[in-house]
Amino acid sequence: MTRREEPFVPIRGNRVKMFVCGPTVYDDMHLGHARTYLAYDIIARFLRRAGYSLFYLMNITDVDDKIIQRASELRRDPLSVAREYERRFSEDLESLGITSVNLFARATEHVEEMIEQISVLIKKGFAYETETGVYYDVTKFPHYGELSHQDPSELIKHRVDPDPTKRHVHDFALWKKRPREEFGWNSPWGYGRPGWHIEDTAITVTYFGPTYDIHGGAIELIFPHHEAEIAQAEAFTGERPLVKYWTHTGLLTVDGEKMSKSLGNFITVREILSRYEPGVIRFYLASSHYRSPIDFKEENVAQAEQALESLRNAIDNLETIDVTESVEDSDLKFLEKARAHREEFMRSMCSDFNTPSAIAALFAFASEINRFLEREGRLNANVKNDALAILHEMTSILGIKKYRRVTELELTELYDLIRLLIDVRDALRRERKYELADEIRGRLEQMGIELEDTAGGTRWRIAGRPSSKDDDRNL
RNA sequence: GCCCGGGUGGCCGAGCGGUCUAGGCGGCGGCCUGCAGAGCCGUUUCACAGGGGUUCGAAUCCCCUCCCGGGCUCCA
């Protein structure tokens with residue numbers, strides 16, 4: 001509300017309640033959506049890692065004009081269309097590694113609560129009924145517009161003609177009366193369906209009560225949606241604030257224009273994931289601060305891919321470094337540096353979840369590893385484990401650890417076979433029979449298997465994918 | 001019309017009053033390597049839309065201007 005960064009103090013102990021505006025399930029998720037959900041996924045991972053007990057709630061808008069329109073185009077039942085896209089949404093979240101949401105709450109399963117809230121709002125004089133529906137009288141709520149710095153009387157521009165039965169043009173619908181043949185519910189005000197804004201307050205008040213810690217969503221929702229949420233909830237419960245910390249993600253644009261369904265300039269998560277692995281997309285999006293706008297260019301994704309690869313090379317280097325029992329001064333120094341990089345990483349994340357700055361700390365660590373390896377060529381075993389744990393902590397907050405999507409190749413026989421070829425080739429190399437050795441490497445490469453000779457032995461990997469030794473099930 | 005953002009070196013992108021440089025990608029040169037890859041070292045001339053101010057000192061604060069985007073239907 002203050003538009004400033006403020007110290008984060010949860011309402012109760014170390015418990016944090018976070019709500020993020022979820023999707024309207026009538027089409028597939030695109031990169032713009034991914035940007036927002038990814039930002040909150042990282043925030044959630046970080047808060048948990050920082051010791052907070054976080055409950056992350058997201059709504060699913062499964063009743064809405066667009067779904068109904070879509071359903072009628074397809075001549076299908078709106079609810080089945082909603083369920084289908086909800087399922088696809090979950091699949092997309094999963095493939096992006098967005099696993100931090102505790103509970104998804106469907107609008108259609110909270111209609112009772114919405115009706116109750118609307119009844120109370122009418123009783124308290126904040127809402128009124130007309131022949132077309134029930135509306136919230138924004139003049140009754142003095143704080144309306146405070147979050148987005150809007151003066152209601154200045155909101156004069158309308159791209160759609162306001163409903164003529166409303167008292168004020170900016171009053172918003174709580175309940176829309178609709179004919180029987182449409183998808184809807186019975187209510188004290190007749191058959192119809194709820195307005196869009198009421199579902200979130202019904203859901204958050206149900207699960208979180210009158211006030212909670214963090215509310216997330218994209219900046220485009222700040223007005224009127226979030227204003228409406230505040231007006232509804234605070235009028236209903238009589239308590240304020242509804243939310244202690246409001247956060248808004250910046251928009252993803254394409255050629256300077258907002259990526260959106262209506263403009264048709266969107267690229268779906270499924271599409272982009274057919275070309276890049278999830279870690280790359282996560283890294284790309286995390287390379288900008290969550291509040292900043294991002295102008296999408298595929299070449300920048302490719303840039304991110306390069307950057308991520310060099311980071312992962314450093315991780316590989318640390319994982320495969322030779323270990324010794326002895327502890328050298330340089331080992332201790334290295335560990336000290338590793339801890340300092342971790343501190344820097346966490347400090348960045350504490351500063352309004354500054355992922356780009358946190359990533360810089362990660363690169364500093366990577367460079368530390370490579371330089372140490374170059375200089376020392378070995379590392380104490382315990383120090384190595386500690387350093388790897390630190391690295392794991394950092395990469396798992398961002399969710400950019402390596403993915404293993406080569407399940408068809410997980411057959412140990414195949415692994416053994418590749419290893420055999422590598423061993424044979426190494427023998428040839430020792431005998432300086434480079435032509436044959438290079439032919440083996442070349443042929444394997446044609447098959448999509450890349451070899452890389454290092455001081456610690458030959459590594460291999462599936463082209464464009466993380467190295468074989470990586471086994472990441474916990475992203 | 002009103003309310004918000006944003007404009008940083010070839011590209012991406014932090015910083016938002018002062019210390020030495022953010023960081024990355026790309027380019028170039030070198031080292032290492034049988035070669036390749038990876039890595040390391042160096043380099044890519046004094047970057048901050050423009051103009052005024054405030055200040056000992058501004059990319060960072062104030063004012064004005066320009067450009068781009070978002071909101072005031074629905075939209076992450």
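Chain naming here is simple, since letters A, B, ... match the order of the sequence lines and numbering starts at 1 in each. Just the heavy atoms: all of them, side chains too, but no hydrogens, waters or symmetry mates, feed the values below.
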Proximal nucleotide (of rC74(B), rG39(B), rA76(B)) relative to the Pro224(A) side chain: rC74(B)

Touch class at under 4.0 angstrom, heavy-atom based, for Leu251(A) against every strand present: base

Check: rC35(B) base within 3.5 Å donor-acceptor of Arg432(A) side chain: no

Ring-ring centroid check Phe172(A) His197(A), cutoff 6.0 Å: yes

Sugar-phosphate only, base, or nothing, as touched by Leu252(A) at under 4.0 Å among non-hydrogen atoms: base

Sugar-phosphate only, base, or nothing, as touched by Lys66(A) at under 4.0 Å among non-hydrogen atoms: base

Rounded distance (nearest 0.5 Å) linking atom CH2 of Trp185(A) with atom CZ of Arg178(A): 13.0 Å

Pairing partner (Watson-Crick or G-U wobble, both distances under 3.5 angstrom) of rA49(B): rU65(B)

Under-4.0 Å side-chain N/O to phosphate OP1/OP2 contact, Asn300(A) with rC11(B): no

Phosphate-side-chain proximity, Thr24(A) and rA76(B), N/O vs OP1/OP2 below 4.0 Å: yes

Expected output: side-chain His110(A) to main-chain Arg106(A) donor-acceptor under 3.5 Å: yes

Student check: side-chain heavy atoms of His143(A) and Glu227(A) closer than 4.5 Å: no

Any donor-acceptor N/O pair under 3.5 Å between rG34(B) base and Arg429(A) side chain: yes

Lys297(A) vs rC12(B): side-chain N/O to OP1/OP2 distance below 4.0 Å: yes

Earlier contact from the 5' end, RNA chain B, for Tyr434(A) and Ile294(A): Ile294(A)

Distance test, side-chain N/O of Asn313(A) to OP1/OP2 of rA38(B), below 4.0 Å: no

Side-chain donor/acceptor contact of Arg459(A) with base of rA38(B) under 3.5 Å: no

Touch class at under 4.0 angstrom, heavy-atom based, for Gly145(A) against every strand present: nothing

Touch class at under 4.0 angstrom, heavy-atom based, for Tyr37(A) against every strand present: sugar-phosphate

Phosphate OP1/OP2 of rC25(B) contacted by Ser310(A) side-chain N/O (<4.0 Å): yes

Pairing partner (Watson-Crick or G-U wobble, both distances under 3.5 angstrom) of rC35(B): none

N/O (side chain, Lys258(A)) to phosphate O (OP1/OP2, rG71(B)) under 4.0 Å: yes

Residue-phosphate contact under 4.0 Å: Ser292(A) side-chain N/O, rA14(B) OP1/OP2: yes

Complement of rC28(B), any strand, by Watson-Crick or G-U distances under 3.5 angstrom: rG42(B)

Most 5' of Ala437(A) and His30(A) on RNA chain B, judged by nearest nucleotide: Ala437(A)

Between rC74(B) (C1') and Asp27(A) (CG): distance, integer Å: 14 Å

Contact under 4.0 Å: Arg371(A) side-chain N or O vs rC41(B) OP1/OP2: yes

Sugar-phosphate, base or nothing in reach of Asn370(A), heavy atoms under 4.0 Å: sugar-phosphate

Presence of donor-acceptor pair under 3.5 Å, side chain of Asp295(A) and base of rG69(B): no

Distance-only donor-acceptor test (3.5 Å): side chain Asp453(A), base rC35(B): yes

Any His149(A) side-chain N or O less than 4.0 Å from OP1/OP2 of rC4(B): yes

Proximity to the side chain of Ser357(A) - top-ranked nucleotide from rG24(B), rC3(B), rA14(B): rA14(B)

Main-chain N/O of Ala231(A) paired with Tyr136(A) side-chain donor or acceptor, under 3.5 Å: yes

Gln303(A) (side chain) and rG24(B) (base): donor-acceptor pair under 3.5 Å: yes

Sugar-phosphate, base or nothing in reach of Glu220(A), heavy atoms under 4.0 Å: base

Touch class at under 4.0 angstrom, heavy-atom based, for Thr249(A) against every strand present: nothing

Sugar-phosphate, base or nothing in reach of Gly32(A), heavy atoms under 4.0 Å: base

OP1 or OP2 of rC2(B) under 4.0 Å from side-chain N/O of Gln150(A): no

